[in-house]
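First the structure, in the form of structure tokens, and then the observations on it.
Quick caveat: nothing in here was measured; it's all calculated off a predicted structure. Per chain, numbering begins at 1; letters A, B, ... match sequence-line order.
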Amino acid sequence: MLEDRERFSQTLASWFKHEGRQDLPWRTTRDPYAILVSEVMLQQTQVVTVLSRGYYTNWLEKFPDVATLAAAKEEEVLKMWEGLGYYSRARNLQKAAQAVIENHDGIFPTSPEEVRALPGVGRYTAGAVCCFALGLPEPIVDANVARVLARLMDFHQPVDSTSGIKQLWEWATECVPETDSYHYNSGLMELGQRICKPKAPDCGICPVKNWCTCDSPEKLPIKKERRKTIHRDEHSLYAVSEGKILLHREPERRRQGLWRLPERTSNEIAGLPLAAKMKYSITHYRVTLHVYEITGAKAREDEAWHSLESLASLPMPSPYRRALETVQESFLLQP
DNA sequence: GAGACGTGGTC
DNA sequence: TGACCAAGTCT
């Protein structure tokens, strides 16, 4: 156990006040809705990615409050999320907004239990919203905090196992201070992000190195074995006719609402000219995507013709967006 | 409780 | 190139 938790918490909070990044857009607001948006965007996603194409500020410009988001079209919502991945986050965010309208009279809930009950809000996000927006002394454990705590406590069990997760949340709960939890929790995360990094941690400048009990930080945290990468081929169509392109709308719940190039079996594309070939990764798959040019394709279930002008406004996973660009560029080069 | 879910960056 | 990683949640 950390001997003097209060001094530890104060040291970290103080470090954040002086050294923490204050320029991040979600650190200039206490609006629970805006904080929720940032936390959901940042789930399994790095800060630079969210900042890169202005996802956060664009989102708040388009959906400035819960009511606007709740009333938006799902396709618009997904379009604003395009390129961020894990698209169920966007759908759940809209469902959460609708839940606030329907179940809380449009007023964002202020208890951890009610926040936790919103769609797409797990233990981490609930704690983060309650702490960063409402100032409550709620614990949080994300990948950064897990790594920092595992090293501080020289924790040699997998941090992604049930018992490991339980232990980390206990530590986090014990350490969060009653006052100034905002700066403490922010400091804990930012420490993991900037100093207590996965590789080559800068222990020399760590503000809480005096509390750290591990001697090989680069070996922690321990994680369960990863799934092996599986290679597979994907054959898709670039079917254009009379200014329209054939696209497939994902019917499955997880990817619902996103448009992609229609897929065909290797038998069905036999003999068609290859228009583009590229690789992309998705979770543990490494996919080689082949795109074939075809005229006179027939739309199947969940497939529809879209005007080429409307293409840009449709929500589409990044690999297909990139594939389309590649194909169309090659057509421009040799008309 | 394991597996699914995206993407872009780093080494 | 490929493996690893990231402000996790849901089923």
Closest approach to the side chain of [X], judged atom by atom: which nucleotide of [options] is it?
{"X": "A:Arg116", "options": "B:dG8, C:dC10, C:dC5", "result": "C:dC10"}
{"X": "A:Thr229", "options": "C:dA3, C:dC10, C:dT1", "result": "C:dA3"}
{"X": "A:Thr125", "options": "C:dG2, C:dG8, C:dC5", "result": "C:dG8"}
{"X": "A:Met189", "options": "C:dT9, B:dC5, C:dA7", "result": "C:dA7"}
{"X": "A:Gln46", "options": "B:dA4, C:dC5, C:dG2", "result": "C:dC5"}
{"X": "A:Thr162", "options": "C:dG8, B:dC5, B:dG1", "result": "B:dG1"}

Base, sugar-phosphate alone, or nothing: which one does [X] contact when heavy atoms must sit under 4.0 Å apart?
{"X": "A:Lys224", "answer": "sugar-phosphate"}
{"X": "A:Gly83", "answer": "sugar-phosphate"}
{"X": "A:Arg123", "answer": "sugar-phosphate"}
{"X": "A:Ala128", "answer": "nothing"}
{"X": "A:Val47", "answer": "base"}
{"X": "A:Ile140", "answer": "nothing"}

Examine distances only and state if a side-chain atom of A:Asp180 and a backbone atom of A:Ser9 form a donor-acceptor pair shorter than 3.5 Å.
no

[N] [atom2] sits how many Å from [X] [atom1], rounded?
{"X": "A:Asn144", "N": "C:dC5", "atom1": "CG", "atom2": "P", "value": "13 Å"}
{"X": "A:Glu250", "N": "B:dG6", "atom1": "CD", "atom2": "C1'", "value": "12 Å"}
{"X": "A:Leu24", "N": "C:dA6", "atom1": "CG", "atom2": "C1'", "value": "15 Å"}
{"X": "A:Asn92", "N": "B:dC5", "atom1": "CG", "atom2": "C1'", "value": "12 Å"}
{"X": "A:Lys199", "N": "B:dT10", "atom1": "NZ", "atom2": "C1'", "value": "7 Å"}
{"X": "A:Glu190", "N": "C:dA6", "atom1": "CD", "atom2": "P", "value": "16 Å"}
{"X": "A:Glu225", "N": "C:dC5", "atom1": "CD", "atom2": "C1'", "value": "16 Å"}
{"X": "A:Met41", "N": "B:dG8", "atom1": "CE", "atom2": "P", "value": "15 Å"}

Give me the ring orientation class for A:Tyr292 and A:His290: parallel if the planes are under 30° apart, tilted from 30 to 60°, perpendicular past 60°.
parallel

Could you tell me how the ring of A:Phe16 sits relative to the ring of A:His183: parallel (under 30°), tilted (30 to 60°) or perpendicular (over 60°)?
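Tilted, since the angle between the ring planes falls between 30° and 60°.
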
OP1, OP2 of [N] versus side-chain N and O of [X]: anything below 4.0 Å?
{"X": "A:Arg147", "N": "C:dC5", "result": "no"}
{"X": "A:Thr49", "N": "C:dA6", "result": "no"}
{"X": "A:Gln44", "N": "C:dG8", "result": "yes"}
{"X": "A:Tyr87", "N": "B:dT7", "result": "yes"}
{"X": "A:Arg227", "N": "C:dA3", "result": "no"}
{"X": "A:Lys223", "N": "C:dA6", "result": "yes"}
{"X": "A:Arg322", "N": "B:dG8", "result": "yes"}
{"X": "A:Ser318", "N": "B:dT7", "result": "yes"}

Between A:Phe155 and A:Trp171, is the ring centroid distance below 6.0 Å?
yes

Mapping A:Gly122 and A:Arg226 to their closest nucleotides on DNA chain C, which lands nearer the 5' end?
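The residue mapped nearer the 5' terminus is A:Arg226.
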
On DNA chain C, compare the nucleotides closest to A:Trp26 and A:Gly120; which residue's is nearer the 5' end?
A:Trp26

On a plain distance test, is the side chain of A:Thr45 in donor-acceptor contact with the base of B:dG6 below 3.5 Å?
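Answer yes: a donor N or O sits under 3.5 Å from an acceptor.
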
Result of checking A:His306, A:Glu250, A:Glu75, A:His248 against A:Trp259 for side-chain hydrogen bond (donor to acceptor under 3.5 Å, both in side chains)
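For A:Trp259, the side-chain hydrogen bond (donor to acceptor under 3.5 Å, both in side chains) test succeeds with only one of A:His306, A:Glu250, A:Glu75, A:His248, which is A:Glu75.
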
Will you find, in the side chains of A:Gln46 and A:Thr49, an N or O donor that is under 3.5 Å from an N or O acceptor?
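Judged by distance alone, the side chains do not pair up.
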
Short side-chain donor-acceptor distance under 3.5 Å, A:Gln43 and A:Tyr124
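Looking only at side-chain atoms, A:Gln43 and A:Tyr124 do not form any donor-acceptor pair under 3.5 Å.
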
Should A:Leu188 and A:Leu134 be counted in the same cluster of Ile, Leu, Val, Met, Phe, Trp and Tyr side chains packed under 4.5 Å apart?
no

Determine the Euclidean distance between corresponding P atoms of C:dT1 and B:dG8; express it in Å to zero decimal places.
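My reading of the P atoms in B:dG8 and C:dT1 gives 16 Å.
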
I'd like the C1' distance from C:dA7 over to B:dG3, given in whole Å.
22 Å

Using heavy atoms to find the nearest nucleotide of DNA chain B for A:Leu84 and A:Asp160 separately, return the residue whose nucleotide is more 5′.
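Nearest-nucleotide comparison on DNA chain B picks A:Asp160.
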
